[in-house]
Amino acid sequence: MDILDSQRTDELATLLALAEQGSFAAAGRSLGRHPSVLSKRMQALERRLGVRLVERTTRQLHFTSEGLRLVEKVRQASLLIREAEQEAAQGAQETRGRLRLSIPASMGRRWISPMLADFSLAYPEVVLEVEYSDRIVDIVGERFDAAIRIGHLSDSRLVATRLCDQYRLLCASARYLERHEAPRRPEDLARHNCLGYTGLLDFPQWRLVRSAGKRSARVVESVRVSGSMLSNDNEALLHAALKGVGIIAGSDWHLMPSIHAGELVRILPQWTLGEAGGIHLVRPSGQYNTGAMKAFKQWMTEAFAAAPWRPADR
């Protein structure tokens, strides 16, 4: 039997009420129970412990020495439980404690790490335990407090906050375009050296999407591409694209800095690779968040709203 099951807690609550009120009648009034119910609880407690705790007479009630010792210990335990509850409630208001986070590796190293450093400076009493990985962790099963996820979400157990949009675009360097005529239509990509990211679910197909306007349906075209370099690492492909090896397809957060710097040029700018997605902060629950989680959610929402890779006009 668990020490905190309902039967035991009822018995110990009766013990404390008797010690404080001095009679079954007064204890019954304080607990909202009939004195006969409390008498049965005390009998059950004494029977379970195998010791007499209370001596009863028609008019008086006296605790035995064993009963007094138990009352004192239960009072101490009750105080510890009350302090634990107060500490938990206070944690919901104060920005302190520990947050265990799962962050995507490539984006995390490039963009989120500075955000986390700034958060840590602003909230020094919050300990961040950060795992950088491109695997999709089981947030609930692995006891993460939150994760940043890119793309479309499927886990209905999680509460998601969309931090910003995310889409994949096509680029090449001016050096590559000096040697090769820029593609004008998606099917032209089949004749180009396309750098292949093997992490795409439909690799080596590139599924291109173009919005034809508010009143028209979007257009989708699939092209089977090939190239001289394949990798599961976007950074390696970016370096190859910057050197003029071929055309790269990658996320806006990954390629936009190079576009802004004039190192890459967008290819087929009306098209994106796949549907537009999002970058999300996901948590196991949206209820009863700690003060630390509330502050972290607000911080990340503001940080992504001002993300430096986001163009003012797509």
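The hydrophobic clustering, which links ILVMFWY residues whose side-chain heavy atoms are closer than 4.5 Å, places Val219 and Tyr167 together. Note on Met42: it clusters hydrophobically with Val51, by side-chain heavy-atom contacts below 4.5 Å among ILVMFWY residues. Under a hydrophobic-cluster definition in which Ile, Leu, Val, Met, Phe, Trp and Tyr are linked whenever side-chain heavy atoms come within less than 4.5 Å, directly or via other members, Leu101 and Ile136 are assigned to different clusters. Cluster membership check: Leu18 shares its hydrophobic cluster with Leu68, using side-chain heavy-atom separations under 4.5 Å among Ile, Leu, Val, Met, Phe, Trp and Tyr.
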Check residues 182-190 and write down every donor-acceptor pair under 3.5 Å in which the side-chain atom is one partner and the other belongs to a residue at least two apart or another chain.
unit_1, atom_1, unit_2, atom_2, d
Arg184, NH2, Glu181, OE2, 3.4
Arg185, NE, Glu187, OE2, 3.2
Arg185, NH2, Asp188, OD1, 3.4
Asp188, OD1, Arg191, NH2, 2.6
Asp188, OD2, Arg184, N, 2.9
Asp188, OD2, Arg185, N, 3.0

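Counting only distance, with no hydrogens or angles, the side chain of Asp134 and the backbone of Ala105 share a donor-acceptor pair below 3.5 Å. Of the possible donor and acceptor atoms, none in the side chain of Ser251 sits under 3.5 Å from a partner among the backbone N and O of Trp253. The backbone N or O of Leu38 sits nowhere less than 3.5 Å from a side-chain atom of Glu11 that would complete a donor-acceptor pair. Between the Arg266 side chain and the Leu170 main chain, no donor and acceptor come within less than 3.5 Å of each other. Looking only at distances, a side-chain donor or acceptor of Thr14 sits under 3.5 Å from a matching main-chain atom of Asp10. Using modelled atom types, one side-chain atom of Asp145 and one backbone atom of Arg100 make a donor-acceptor pair closer than 3.5 Å.
To the nearest 0.5 Å, the span separating CG on Leu99 from CD on Glu129 amounts to 10.0 Å. In this structure, CZ in Arg69 is found 10.5 Å from CG in Leu53, a value given to the nearest 0.5 Å. Atom NZ of Lys297 and atom CG of Leu281 lie 7.5 Å apart (nearest 0.5 Å). Note that the CD atom of Glu142 and the CD atom of Glu131 stand 7.0 Å from one another [nearest 0.5 Å]. How far NZ of Lys243 is from CG of Leu238: 11.5 Å, rounded to the nearest 0.5 Å. Distance check, rounded to the nearest 0.5 Å: CZ of Arg168 to CG of Leu273 gives 5.5 Å.
Using a 4.5 Å heavy-atom cutoff, the side chains of Ser102 and Ile148 are not in contact. Counting heavy atoms from C-beta outward, Phe144 and Arg283 have side chains that stay 4.5 Å or more apart. Between Leu15 and Leu70, some side-chain heavy-atom pair lies under the 4.5 Å cut-off. Contact of the Phe203 side chain with the Leu230 side chain is registered, since non-hydrogen atoms from C-beta on lie closer than 4.5 Å. Looking only at side-chain heavy atoms (C-beta outward), Leu169 and Thr272 stay at 4.5 Å or farther from each other.
With 3.5 Å as the limit, one finds a donor-acceptor pair spanning the side chains of Ser113 and Tyr132. Ser228 and Asn193 share a donor-acceptor pair across their side chains, judged by distance under 3.5 Å alone.
Closest heavy-atom contact between Ala160 and Val282: CB-CG1, 3.9 Å. Summarising the geometry of Gly291 relative to Thr95, their closest heavy-atom pair is O-OG1, 4.0 Å, with the distance given to 0.1 Å. Shown here for Thr64 and Val54, the closest heavy-atom pair between the two residues is CG2-N, 4.2 Å. Closest approach of Asp233 and Tyr197 over heavy atoms only: N-CE1, 4.1 Å. Counting all heavy atoms, side chain and backbone alike, Arg96 lies closest to Ala292 at O-CB, 3.5 Å. Across Val71 and Leu16, no two heavy atoms sit closer than the pair O-CD2, 3.9 Å.
Annotation: side-chain contact (heavy atoms from CB on, under 4.5 Å) contacts of Ala303 (sequence neighbours excluded): Met115. Scanning for ring pair (Phe, Tyr, Trp, His ring centres under 6.0 Å) contacts around Tyr123 gives Phe119, with sequence neighbours left out. Remark: Tyr176 pairs with His180, His192 by the ring pair (Phe, Tyr, Trp, His ring centres under 6.0 Å) rule, at least two apart or across chains.
Classification of the Trp309-Trp111 ring pair by plane angle, with boundaries at 30° and 60°, yields tilted.
Enclosure of atom CD in Glu125 is not indicated, since only 12 or fewer non-hydrogen atoms of other residues, nucleotides or ligands lie within 6.0 angstrom. For CZ of Arg135, the number of neighbouring non-hydrogen atoms (other residues, nucleotides, ligands) closer than 6.0 Å is greater than 12.
The list of side-chain hydrogen bond (donor to acceptor under 3.5 Å, both in side chains) pairs with a residue in residues 199-208, not counting sequence neighbours, is empty. The side-chain hydrogen bond (donor to acceptor under 3.5 Å, both in side chains) contacts involving residues 15-36 comprise His34-Ser36, where partners must be two or more places apart or lie in separate chains.
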